Amino acid sequence: MSQDTILVDRSQGVLRITLNRPDLLNSFTAEMSKRLQAVLAEGEADETVRAVYLTGAGRAFCAGQDLGEATSPEGKPADFGAHVRRVYNPLVRAIRRLLKPVVCGVNGAAAGAGANLAFACDLVVAAEEAAFLQAFIKIGLVPDTGGTFFLPRMVGMARATQLMMLGEKLPAQKAFELGLVYQVVPAATLHDVGFGLAAQLATQPTQALGFIKRLLNASPNHTLEQQLDLEGELQGAASRSADYREGVAAFFEKRKPAFIGK
Ligand code: T3D
């Protein structure tokens with residue numbers, strides 16, 4: 001039986017997804033991407049899922065494209081345009097469009113598409129030994145998986161240029177200092193912290209978290225006027241939610257709110 005390249009389990013309102021090809025540092029195959037796309041779609045449809053925790057098995061998070069698969073049987077490099085559109089672009093769209101928080105637990109190297117997959121998530125927690133690597137240039141490719149969209153916006157044009165053109169390893173602590181990573185923790189505690197963060201988010205007002213994601217997704221391409229309009233629209237929707245009523249009631253009753261995610 002072939003190995004399950006994507007492991008999935010659900011608990012405490014969290015869909016935990018583990019990339020599982022540890023021998024090849026969880027490098028991506030087309031089959032793996034298809035399965036991850038399906039799992040993310042299930043997470044979107046399942047109301048009991050209120051957050052996602054994405055991580056990798058073994059010593060790496062993800063080494064990007066499986067370079068063995070990326071070569072044609074004749075040994076000639078394949079044309080990757082269609083491949084990127086089919087394998088990577090849908091993953092970025094799925095993560096950004098999922099109106100639930102996605103926490104990424106980077107347990108080791110995150111290279112190429114693996115690094116940019118992590119940066120597409122909402123919050124990144126990294127093990128002390130983890131490192132991010134825009135490895136594309138080392139093999140004559142350009143960054144994909146949304147990296148050229150997210151990185152300049154997250155760290156500025158100059159730093160993004162350095163990372164992409166030089167392809168140097170960015171250690172977790174440096175990534176933290178740049179704001180790319182929320183927390184750096186000892187490897188032994190990574191999943192407790194990363195999953196714990198997702199579980200905590202799963203108790204929060206899910207709809208409002210989803211609206212924050214919509215606002216942040218829209219922000220880079222909006223004028224101030226457009227963004228103010230969207231804030232008004234989504235604040236209106238948030239104020240009609242059960243969680244808003246619960247939040248205000250809990251505030252006045254001086255108790256912890258019990259949000260239901262609706
Ligand atoms: O196809 C398209 O659509 C184009 C899209 C491309 C998107 C991309 O992601 S391009 C970038 C692809 N990724 C890389 O270029 C990274 C390649 N890997 C590395 O640079 C290093 O492995 C790491 C820095 C990630 C980790 O280094 P290290 O020294 O800790 O591990 P290692 O010894 O290099 O790797 C361990 C094994 O995993 C090794 O196999 P072996 O020798 O034990 O049998 C190595 O070949 C394998 N491995 C690592 N990365 C990949 C891989 N095998 C296939 N594909 C990989 N990407």
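Just so you know, these numbers come straight off a predicted model, no measurement behind them. First listed ligand is number 1; within each ligand, the first listed atom is number 1.
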(message) Within the 4.5 Å heavy-atom criterion, are Ile6 and Leu19 side-chain neighbours or not?
(response) yes
(message) Contact between ligand 1 and Val87 is defined here as a heavy atom of the residue under 4.0 Å from a ligand atom; is it met?
(response) no
(message) Just to confirm my output: which protein heavy-atom neighbour is closest to atom 5 (C) of ligand 1, and how far is it?
(response) Asp144 OD2, 3.2 Å
(request) For atom 49 (C) of ligand 1, grab the closest protein heavy atom and report residue, atom and distance to one decimal in Å. (result) Leu25 CD1, 3.8 Å
(message) Looking at every heavy atom in both Asn107 and Gly58, which two are closest together, and how far apart are they?
(response) ND2-O, 3.0 Å
(request) Determine whether Leu117 and Leu54 make a side-chain contact, defined as any pair of heavy atoms from C-beta on separated by less than 4.5 Å. (result) yes
(request) Return a yes/no value for Gln65: is any of its N or O atoms, backbone included, closer than 3.5 angstrom to an N or O of ligand 1? (result) yes
(message) Looking only at side-chain N and O atoms, does Ser27 offer a donor or acceptor that is under 3.5 Å from a partner on Arg21?
(response) yes
(request) Just need the protein heavy atom nearest to atom 55 (N) of ligand 1, so name the residue and atom and give the distance. (result) Leu67 N, 2.9 Å
(request) Considering only non-hydrogen protein atoms, determine which one is nearest to atom 52 (C) of ligand 1 and report residue, atom name and distance to 0.1 Å. (result) Leu24 O, 4.2 Å
(request) Give the residue, atom name and distance (to 0.1 Å) of the protein heavy atom nearest atom 1 (O) of ligand 1. (result) His83 CD2, 3.0 Å
(request) Considering only protein heavy atoms, determine whether one is less than 4.0 Å from atom 44 (O) of ligand 1. (result) no
(message) Give the atom numbers and elements of ligand 1 that come within less than 4.0 Å of a heavy atom of Gly64.
(response) 9 (O)
(message) Within ligand 1, which atoms have a heavy atom of Phe136 less than 4.0 Å away?
(response) 7 (C), 8 (C), 9 (O), 10 (S)
(request) Output the list of atoms in ligand 1 that are nearer than 4.0 Å to some heavy atom of Leu133, sorted by atom number. (result) 24 (C)
(request) Do me a favour and list the nearest non-hydrogen protein atom to atom 33 (O) of ligand 1 with residue, atom name and distance? (result) Arg59 NH2, 4.0 Å
(request) Evaluate the 4.0 Å heavy atom contact test for atom 22 (O) of ligand 1: does a protein atom fall under the cut-off? (result) yes
(request) Decide if atom OH of Tyr182 counts as having more than 12 heavy atoms of other residues, nucleotides or ligands within a radius under 6.0 Å. (result) no
(request) Would you mind running through ligand 1 and noting each atom that sits below 4.0 Å from a heavy atom of Ala135? (result) 14 (C), 15 (O), 16 (C)
(message) Judged on heavy-atom distance to atom 25 (C) of ligand 1, which of Pro22, Pro143, Ala111, Cys62 sits nearest?
(response) Ala111
(message) Membership question, hydrophobic clusters at under 4.5 Å side-chain separation (ILVMFWY): are Leu180 and Phe176 in the same one?
(response) yes
(request) Tell me whether Ile95 is reachable from Phe119 by hopping between hydrophobic residues (I, L, V, M, F, W, Y) whose side-chain heavy atoms are closer than 4.5 Å. (result) yes
(message) If you count heavy atoms of other groups shown closer than 6.0 angstrom to CZ of Arg97, is the number above 12?
(response) no
(message) When you compare the side chain of Tyr53 with that of Val103, does any pair of heavy atoms fall below 4.5 Å?
(response) yes
(message) Quiz question: by atom type and distance under 3.5 Å, do the side chains of Gln235 and Ser239 form a donor-acceptor pair?
(response) no
(message) Looking at Arg96 and Asp122, is there a salt bridge between them, counting it only when a charged N and a carboxylate O are closer than 4.0 Å?
(response) yes
(message) With a 4.0 Å cut-off on N to O distance, would you call Lys100 and Glu47 a salt bridge?
(response) no
(request) Number the atoms of ligand 1 from 1 as they appear, then name those within less than 4.0 Å of a heavy atom of Asp23, with their elements. (result) 37 (C), 38 (O)
(request) Distance to 0.1 Å, residue and atom name: give those for the protein heavy atom nearest to atom 18 (N) of ligand 1. (result) Ala63 CB, 4.4 Å
(request) May I ask whether Thr145 places a heavy atom under 4.0 Å from ligand 1? (result) no
(message) At less than 4.0 angstrom from any non-hydrogen atom of Val84, what atoms of ligand 1 do you find?
(response) 3 (O)
(request) Run the numbers for me: atoms of ligand 1, each under 4.0 Å from some heavy atom of Ala113, listed by number. (result) 7 (C), 8 (C), 9 (O)
